[in-house]
Amino acid sequence: MGLIDQLVVFNSLSRKKEVFEPQIPGQVGMYVCGPTVYSDVHLGNVRTFISFDIIYRYLQHLGYKVRYVRNLTDVGHLLDDGQDRVSKRARLEQIEPMEIVQKYTNSFHDTLRLFNTLSPNIEPRATGHLIEQIEMVQEILANGFAYERNGSVYFDTVKFHETFKNYGELSGRKIEELFAETREDLKNQDEKNHPSDFAIWMKAADEHIMKWNSPWSVGFPGWHLECSVMSTKYLGETFDIHGGGNDLKFPHHENEIAQNIGAKGKAPVKYWLHTNMLLMNGKKMSKSDGNTISPEELISGNSPHVTKGYDPMVVKFFMLQSHYRSTLDLTDEALQAAEKGYYKLTEGLKALEKLTTDQAGEGQLDQEINGLLDLITDDMNDDFNTPKAISRLFDLTNYINKLKDGHLAANAVGTECLEHMKRAFKAFFLDVFGLSLDSGAGQGDDIVEGLMGLVIAIRQKARENKNWETSDQIRDGLDNIGIQLKDGKEGTVWSKKS
RNA sequence: GGUCGGUUGGCCGAGUGGCUAGGCAGAGGUCUGCAAAACCUCGUACAGCGGUUCGAAUCCGCUACCGACCUCCA
């Protein structure tokens, strides 16, 4: 009985929350800008991909059939000095560009797997779509929104804006001001008619490695073009959701829209979703200025920014405790708090699995518990409010612990409600949030379980004999190797310490 | 400089006109052989200044500070 029974998303285009209505009922097309595979992903990228992973999972949870496309950029993304990122890296590492692409694609996948994200349905590469990109350049040229200059082709932003009046719509900048501003920089703009024009095909210099034949020159496609092409190819000329970090709004997404309209005559995307930046020490985490920590460093603890390593699930949980549209400041202290909270929930879920009741009818807590479960859906329906949804899981855990410890009678909850709670808690924690139980605490293989059972039994015997020296030796010894014993009413359980 | 966003208790972080967010840390208590875990109780926070309102952390204006984009980044 949620208050909100419809999914509402914040659309960057309108800057408002809108009811989500896919163009084909029951089906969702979602495109997310993936990484340029020329170096290891950093944590800010990971946050964005985790955010869209949650969105993907939640859409599926709601019953939508989702086609999730996330590209890999392997050509055309240039550095300030005009060098292709992949090519430059290939030169530095003295291997083929495509080896670079493969190496960092593998690394990207490995990293995301650590965080238990689902693979997209299609992961297209820019170099795999050269023909389509050339075709789109031709379309844009044919429609008069591009011009050729010395073998390169540039998108004509001035003409585009005169025609459609919406260049700058997404990023919220007034195009006249943008034009006026950049006019002073004309000296740097050599071939372009106007500074805000951008290349959709670039002629390659002789020494350039990654280049292809085209009607205009031996060259390579512009950075923004691939996303227009691949989203159109796999999701159609108009589709539902386009996502990415908000640092891509301008120029990348703005230009993407312009290209699609320039080629197809219509705006490609109904809902633009943008994630906010991950900060560290109050500043944007960024590859280019060194204020960064890699996923590996964060997990291993091998970084001056953290006092210890953190389990990937803890890092993910930390991220989910803020909203995807808010900045999130990564600090060691905040991670430690998240770690404790995360284990509280995993322990709660494990305790929940063991709860039983013989209350066949309705229990006195049923209404409150069912209400909390409904609120989780409301929260997620409200633009994927994971922090709020997680607060409900903590509330539920409080009930679970009371039931577990006997502070509440077992039959305070009815059979049906208990089953509902088990189903829903798992559905959100494991399936929607993609968290897992077994990474941090208390579950080993059969041998470990057997050994622990034996050790706990020996300690229990010592305690019965009031042999505190032995029982404390066992407890402290286990503590030293990172295992915590918890004595409860129903006996002793153990878990790995956080 | 232009554009946009933010400033919430010791820390992180939701909320956006009247109803306890939540987590972590801290204090006291229950339980325990002692601890831990769990449970109970405890914080009267919303940058500053004005304004609108019966009522504002929440709306409006100004100021300060922070950040992002404008140029490669998710």
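Given the structure is predicted, the values throughout are model-derived calculations rather than measurements. Every chain is numbered from 1, with letters handed out A, B, ... down the list of sequences.
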*Answer yes or no for this row: F49(A) ring on A74(B) base, centroids under 5.5 Å, planes under 30°.*
no
*Rounded to the nearest 0.5 Å, what's the gap from NZ on K249(A) to OG on S12(A)? Could you check?*
4.5 Å
*Are OP1 or OP2 of C69(B) and a side-chain N or O of N246(A) less than 4.0 angstrom apart?*
no
*Centres of the H253(A) and H224(A) rings: under 6.0 Å?*
no
*Quick one: is G5(B) close enough that its OP1 or OP2 comes under 4.0 Å of any side-chain N or O from N276(A)?*
no
*F433(A) vs F428(A) aromatic rings, parallel, tilted or perpendicular, using cut-offs 30° and 60°?*
tilted
_For a quick test of reading the model: is some side-chain N or O of N398(A) closer than 4.0 Å to OP1 or OP2 of C40(B)?_
yes
*Nucleotide A35(B), atom P - distance to CG of D479(A) in whole Å*: 15 Å
*Has N401(A) got a side-chain N or O lying under 4.0 Å from the OP1 or OP2 atom of A38(B)?*
no
_In this structure, how many angstroms lie between the P atom of A21(B) and the CZ atom of R392(A), rounded?_
12 Å
*Would you say C40(B) has OP1 or OP2 under 4.0 Å from some side-chain N or O of K402(A)?*
yes
_Candidate nucleotides G33(B), A38(B), C69(B), ranked by approach to the side chain of K404(A) - the nearest_ = A38(B)
_Check: H305(A) main-chain N/O paired with S303(A) side-chain donor or acceptor under 3.5 Å_ = yes
*Report the C-alpha distance between F198(A) and Y154(A) in whole Å, list the side-chain angles of each, state the deciding distance to 0.1 Å, and finish with yes or no for ring pair (Phe, Tyr, Trp, His ring centres under 6.0 Å).*
CA-CA 5 Å; F198(A) 55 92; Y154(A) 296 96; 9.1 Å; no
*Using both pair distances under 3.5 Å as the test, note the stems of at least 3 consecutive Watson-Crick or G-U pairs that include RNA chain B.*
B:1-7 with B:64-70, B:10-12 with B:22-24, B:26-30 with B:38-42, B:47-51 with B:59-63
*Contacts of type ring pair (Phe, Tyr, Trp, His ring centres under 6.0 Å), residue H323(A), not counting sequence neighbours*: none
*Less than 3.5 Å between a donor and an acceptor, one on the side chain of D487(A) and one on the base of A35(B), is that the case here?*
yes
*Could you check Y324(A) against E333(A) and say which one's nearest nucleotide on RNA chain B is further toward the 5' end?*
E333(A)
*Between A37(B) atom C1' and I483(A) atom CD1, what is the distance in whole Å?*
16 Å
*For the residue pair H109(A) and E123(A), establish whether any side-chain heavy-atom pair is separated by less than 4.5 Å.*
yes
*Give the rounded distance in Å between these two atoms: CZ of R47(A) and P of G13(B).*
9 Å
*Nucleotide of A35(B), C24(B), G15(B) approaching K388(A) most closely (side-chain heavy atoms)*: G15(B)
*If you find the nucleotide of RNA chain B closest to S326(A) and the one closest to D405(A), which residue's nucleotide is nearer the 5' end?*
S326(A)
*For K249(A) and C4(B), is the shortest distance between a side-chain N/O and OP1 or OP2 below 4.0 Å?*
no
*Check every strand shown and say whether D329(A) touches a base, only sugar-phosphate, or nothing at a heavy-atom separation below 4.0 Å.*
sugar-phosphate
*Which nucleotide in the list C34(B), G23(B), C69(B) gets nearest to the side chain of F250(A)?*
C69(B)
*Check side-chain contact (heavy atoms from CB on, under 4.5 Å) between E296(A) and all other residues, then give those that pass, not counting sequence neighbours.*
T111(A), S294(A)
